[in-house]
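Heads up, the thing below is written out as structure tokens.
Note on naming: letters A, B, ... go to the chains in the order of the sequence lines (proteins, then strands), and numbering restarts at 1 for each one.
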Amino acid sequence: MTHRRTTQVTPASEGPGHTTRTSSPRDSADPSSLSAPRAVPSAAPGLPQVSEGRSAEVQRLVIDWFSRNARPLPWRDRDASAWSILVCEVMSQQTPVARVLPRWREWMRRWPTPADLAAAPASDVLIAWDSLGYPRRALRLQETAAAIADRHGNEVPHDEDRLLALPGVGAYTAAAVTSFAYGRRAVVLDVNVRRVLGRVFAAVEHRPASLTAAEKRWARALVPAQDHVEWNAGTMELGALVCTARNPDCARCPLLDACAWVAAGKPSDPTVVRRAQAWAGTDRQLRGAIMRTLRTAHAEDAAAVPTHLLTAATAALTADDAEALAAYPSPLRTAIGAVRDLDADGARTARLVDDLVRDGLAARDDRGIRLP
DNA sequence: AACGCGGGGGT
DNA sequence: ACCCCAGCGTT
């Protein structure tokens, strides 16, 4: 069903002018949303008070900039369904937009409503997820689809609390759907928004990794009562395109003259020792390899790699027995062989596959591959 | 608050 | 090599 969507301002081709683009049809009543922010946020460590005048000026600049610089992303189309927006938000969790685009198109073509996704074999879902990463998101999204189909009449909930109750939907995603799909006021706080607000108002290059309740309150008070959708989308877009984590393009920033971080001389954060990112040789890499190989083998020949053979793979991997392995169909053999190359003694592979099985890999039977 | 969780592109 | 990305769930 087609939900009314808010107007995402499209790149308006001309003139720097029209700041105010009023929102289009939204949910009529807005009873549960936050009360309009009057007062400036309560002070918290590193989060300065912001005068109403300055807040309003920054809001105006961001919204105006967004009206002229928004990327024409398909989920910003007026006729994009709430479901399509939820899918895009989940796919975008920790994954750059450019990588999401092709998978999102394919998903929406195949599964245009939650019920469609809920009815699909899990193996199809994982294969369509492809290499977006964090494949558990795909499984949670399918669980969410089933919940929406079964308990919400196949319509994405309008209520932020009900959105939050869905698997794989956290504070960010619930707020994003509330704002972008339904045009209701919400505090959309992703890594981009946090960075932009932190620089402009708090004069720090990067916010701390963890998001505190105090920062949420602070950010909430900065969301305007009007044009909040454009503010949410605009701060995100500004963070993605201009106020980037590294090498921000301050020369093109509409907030150049309003930015506390720039005014302070763009100080760098005190260097924090970051743990070297381990990847090669880790369980994580190995598990990713198992995923990829099984996915590929199943996609190439689903009959050869049904779920019960995945269970058999466990035995073969554990036994480290070439003869036993030879008993399995070729695509599966290839998959196991490829994984083995990463784990010469086989112990870790065996344990990981065993974990996969225990967590339900084998239990799903005809639903296809079930991985963590 | 701190972890663990994929994978690819940019610098 | 390392950093970063429209985060979430668990401990």
Rounded to the nearest Å, what distance is computed from the [atom1] atom of residue [X] to the [atom2] atom of nucleotide [N]?
{"X": "A:L241", "N": "C:dA6", "atom1": "CG", "atom2": "P", "answer": "9 Å"}
{"X": "A:M91", "N": "B:dG6", "atom1": "CE", "atom2": "P", "answer": "16 Å"}
{"X": "A:L101", "N": "B:dG8", "atom1": "CG", "atom2": "C1'", "answer": "15 Å"}
{"X": "A:L211", "N": "B:dA2", "atom1": "CG", "atom2": "P", "answer": "13 Å"}
{"X": "A:R246", "N": "C:dA1", "atom1": "CZ", "atom2": "C1'", "answer": "11 Å"}
{"X": "A:R99", "N": "B:dG10", "atom1": "CZ", "atom2": "P", "answer": "11 Å"}
{"X": "A:Y134", "N": "B:dG6", "atom1": "OH", "atom2": "P", "answer": "7 Å"}
{"X": "A:Q93", "N": "C:dG9", "atom1": "CD", "atom2": "C1'", "answer": "11 Å"}

Using atom [atom1] of each nucleotide, how far apart are [N] and [M] to the nearest Å?
{"N": "C:dA1", "M": "B:dC5", "atom1": "P", "answer": "23 Å"}
{"N": "B:dG6", "M": "C:dT10", "atom1": "P", "answer": "15 Å"}
{"N": "B:dT11", "M": "C:dA6", "atom1": "P", "answer": "14 Å"}

Item to check | Comparing A:P96 and A:S210 on DNA chain B - which has the more 5′ nearest nucleotide | outcome: A:S210
Next on the checklist: Applying side chain to side chain contact (heavy atoms under 4.5 Å, CB included), can you list everything that pairs with A:P248, at least two apart in sequence or on another chain?
Outcome noted: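 Expected list: A:R199, A:T244, A:C250, A:W261.
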Check the phosphate of [N] against [X], side-chain N and O only, distance under 4.0 Å to OP1 or OP2. Yes or no?
{"X": "A:Q94", "N": "C:dG7", "result": "yes"}
{"X": "A:T95", "N": "B:dG7", "result": "no"}
{"X": "A:S131", "N": "B:dG8", "result": "yes"}

What does [X] touch in the nucleic acid at a heavy-atom separation under 4.0 angstrom: a base, only the sugar-phosphate, or nothing?
{"X": "A:V169", "answer": "sugar-phosphate"}
{"X": "A:G133", "answer": "base"}
{"X": "A:V90", "answer": "nothing"}
{"X": "A:A98", "answer": "nothing"}
{"X": "A:T173", "answer": "sugar-phosphate"}
{"X": "A:L73", "answer": "base"}

Item to check | Residue list, ring pair (Phe, Tyr, Trp, His ring centres under 6.0 Å) with A:W129, at least two apart or on another chain | outcome: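 With sequence neighbours excluded, A:W129 shows a ring pair (Phe, Tyr, Trp, His ring centres under 6.0 Å) to A:W107, given in chain and number order.
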Item to check | Of A:A245 and A:L166, the one whose closest DNA chain C nucleotide lies more 5' | outcome: A:A245
Checklist entry - Taking the nucleotide of DNA chain C with the closest heavy atom to each, which residue, A:L164 or A:R195, is nearer the 5' end? => result A:R195
Of the candidate nucleotides [options], which contains the atom at the shortest distance from the side chain of [X]?
{"X": "A:N192", "options": "C:dA6, C:dG7, B:dG7", "value": "C:dA6"}
{"X": "A:N247", "options": "C:dA6, C:dC8, B:dT11", "value": "B:dT11"}
{"X": "A:Y172", "options": "B:dG6, C:dG7, B:dG7", "value": "C:dG7"}
{"X": "A:R136", "options": "C:dA6, B:dA1, B:dG4", "value": "B:dG4"}

Next on the checklist: Under a 3.5 Å threshold, yes or no: a donor from one side chain and an acceptor from the other, between A:Y172 and A:E89?
Outcome noted: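 A donor-acceptor contact under 3.5 Å links the two side chains.
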Next on the checklist: Is it true that A:S67 and A:E230 share a donor-acceptor pair across their side chains at a distance under 3.5 Å?
Outcome noted: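 Per modelled atom types, A:E230 and A:S67 side chains form no pair under 3.5 Å.
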Next on the checklist: Ring-plane angle category for A:W218 and A:F201, please: parallel below 30°, perpendicular beyond 60°, tilted otherwise.
Outcome noted: perpendicular
Item to check | Heavy atoms from other residues, nucleotides or ligands near CZ of A:R162 exceed 12 (cutoff 6.0 Å) | outcome: no
Checklist entry - Should we say atom CZ of A:R110 is surrounded by more than 12 heavy atoms from elsewhere, each under 6.0 Å from it? => result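 Correct, the count exceeds 12.
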Checklist entry - Which base sits across from C:dA1 as a Watson-Crick or G-U pair, both distances under 3.5 Å? => result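 Check on C:dA1: paired to B:dT11, both distances under 3.5 Å.
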